[in-house]
Amino acid sequence: MAVAVVTVAGRAYRVGCDQGDEPRIEALGKLVDARIEKLRERFGEIGDQRLLVMGALEFADEAEDHRLRAEALRQEVEALRAELAARDARDAALEARLAQTVTDAADRLEQLARDLARRAAPALG
């Protein structure tokens with residue numbers, strides 16, 4: 001197991017992680033540290049633990065907003081796929097009716113041609 005070192009609110013923490021994940025963990029640590037520093041600027045020295053909790057709550061709030069948005073988008077995509085499938089089904093049904101209409105018209109034209117040929121045959125003979 002690898003170890004990443006992150007510094008948050010002036011304290012260094014060793015964090016176990018998978019090999020190769022160290023740069024990502026360290027970058028995430030910098031995001032957390034920046035968030036805590038902004039909270040400290042806004043609220044002053046209210047204690048590291050309170051700042052960490054407030055920062056965690058802000059991140060959790062953002063994560064929940066993103067989760068809800070992702071779920072809404074997933075539902076929208078699902079609805080669009082269903083609409084597309086319904087349109088495809090309607091198109092296929094329309095195409096089948098059109099093909100049948102063309103086949104019926106061709107059959108009628110062939111029958112008319114045969115009828116005309118029979119009527120014309122005695123007159124030519």
Side-chain angles (χ1 to χ4, degrees):
M1 176 174 278
V3 175
V5 177
V6 297
T7 301
V8 177
R11 290 184 150 177
Y13 298 90
R14 293 173 48 87
V15 179
C17 61
D18 290 333
Q19 191 70 35
D21 283 347
E22 301 93 340
R24 178 164 171 72
I25 299 297
E26 290 167 2
L28 291 171
K30 289 179 183 179
L31 289 174
V32 171
D33 189 48
R35 178 67 57 98
I36 298 306
E37 186 56 36
K38 285 183 184 178
L39 288 170
R40 180 172 277 131
E41 289 171 6
R42 259 182 29 211
F43 298 108
E45 291 297 330
I46 61 172
D48 286 347
Q49 191 171 8
R50 289 184 77 189
L51 288 171
L52 289 171
V53 169
M54 290 172 65
L57 288 172
E58 282 188 1
F59 278 122
D61 184 48
E62 290 173 9
E64 180 65 5
D65 286 347
H66 291 301
R67 188 193 67 76
L68 291 172
R69 179 68 180 136
E71 177 60 22
L73 289 171
R74 187 195 62 74
Q75 289 177 1
E76 186 177 338
V77 166
E78 190 176 297
L80 289 170
R81 284 184 177 151
E83 184 181 324
L84 183 59
R87 285 183 184 175
D88 287 348
R90 284 192 306 268
D91 289 350
L94 181 59
E95 190 175 305
R97 284 197 316 257
L98 180 60
Q100 187 59 51
T101 300
V102 169
T103 299
D104 292 348
D107 290 347
R108 288 180 61 198
L109 287 172
E110 286 177 10
Q111 185 60 45
L112 284 172
R114 282 192 297 272
D115 290 348
L116 285 173
R118 267 187 301 205
R119 289 184 186 172
L124 296 175

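All values reported here derive from a predicted model rather than from experimental measurement.
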About how many Å separate CG of D21 and CE of M1, when rounded to the nearest 0.5 Å? 10.0 Å
Inspect the contact between E83 and R87 and indicate whether a charged nitrogen and a carboxylate oxygen are less than 4.0 angstrom apart. yes
Could you walk me through whether D33 and V6 pass the side-chain contact (heavy atoms from CB on, under 4.5 Å) check? CA-CA 9 Å; D33 189 48; V6 297; over 6 Å; no
Under the salt bridge (charged side-chain N to carboxylate O under 4.0 Å, His left out) test, which residues partner R118, sequence neighbours left out? D115
Restricting to salt bridge (charged side-chain N to carboxylate O under 4.0 Å, His left out), what partner residues turn up for E41, sequence neighbours left out? none
Rounded distance (nearest 0.5 Å) linking atom CD of E26 with atom CG of L31: 12.5 Å
Count the heavy atoms of every other residue, nucleotide or ligand shown that sit under 6.0 Å from CZ of R74, and state whether that count exceeds 12. yes
In Å, rounded to the nearest 0.5 Å, how long is the span from CG of D104 to CG of L109? 11.0 Å
Evaluate the side-chain proximity of L94 to R90: yes if any heavy-atom separation is below 4.5 Å, no if none is. no
Could you go step by step and tell me if T7 and K30 meet the side-chain contact (heavy atoms from CB on, under 4.5 Å) rule? CA-CA 7 Å; T7 301; K30 289 179 183 179; over 6 Å; no
Could you work out the complete set of other residues in the hydrophobic cluster of L73, with links drawn between I, L, V, M, F, W and Y side chains under 4.5 Å apart? none
Atom CG in L51, atom CD in E45: separation rounded to 0.5 Å? 7.0 Å
Between E71 and R69, is there a donor-acceptor pair closer than 3.5 Å when you use the side chain of the first and the backbone of the second? no
What verdict does the side-chain contact (heavy atoms from CB on, under 4.5 Å) test give for F43 and M54, after you've listed the backbone C-alpha separation in whole Å, the side-chain angles of each residue and the deciding distance to 0.1 Å? CA-CA 11 Å; F43 298 108; M54 290 172 65; 3.1 Å; yes
Between R114 and Q111: side-chain donor-acceptor atoms closer than 3.5 Å: yes
Closest contact, heavy atoms only, P23 versus G20: CD-O, 3.5 Å
Residues R40, D48: salt bridge by 4.0 Å N-O rule: yes
Should V53 and L28 be regarded as members of a common hydrophobic cluster, given that ILVMFWY residues are connected when their side-chain heavy atoms come within less than 4.5 Å of each other, either directly or indirectly? no
Identify the heavy atoms of V5 and A12 that sit nearest to each other, and give their distance. CG1-CB, 4.3 Å
Are side-chain heavy atoms of V3 and V15 found at a separation under 4.5 Å? no
Quick one: pull up CG in L52 and CD1 in I36 and give me the separation to the nearest 0.5 Å. 4.5 Å
Rounded to the nearest 0.5 Å, what separation is found between the CD atom of E58 and the CG atom of D61? 8.0 Å
Please determine whether a side-chain nitrogen of the Lys or Arg among R35 and E62 lies less than 4.0 Å from a carboxylate oxygen of the Asp or Glu. yes
Salt bridge R67-E64, side-chain N to carboxylate O under 4.0 Å: yes
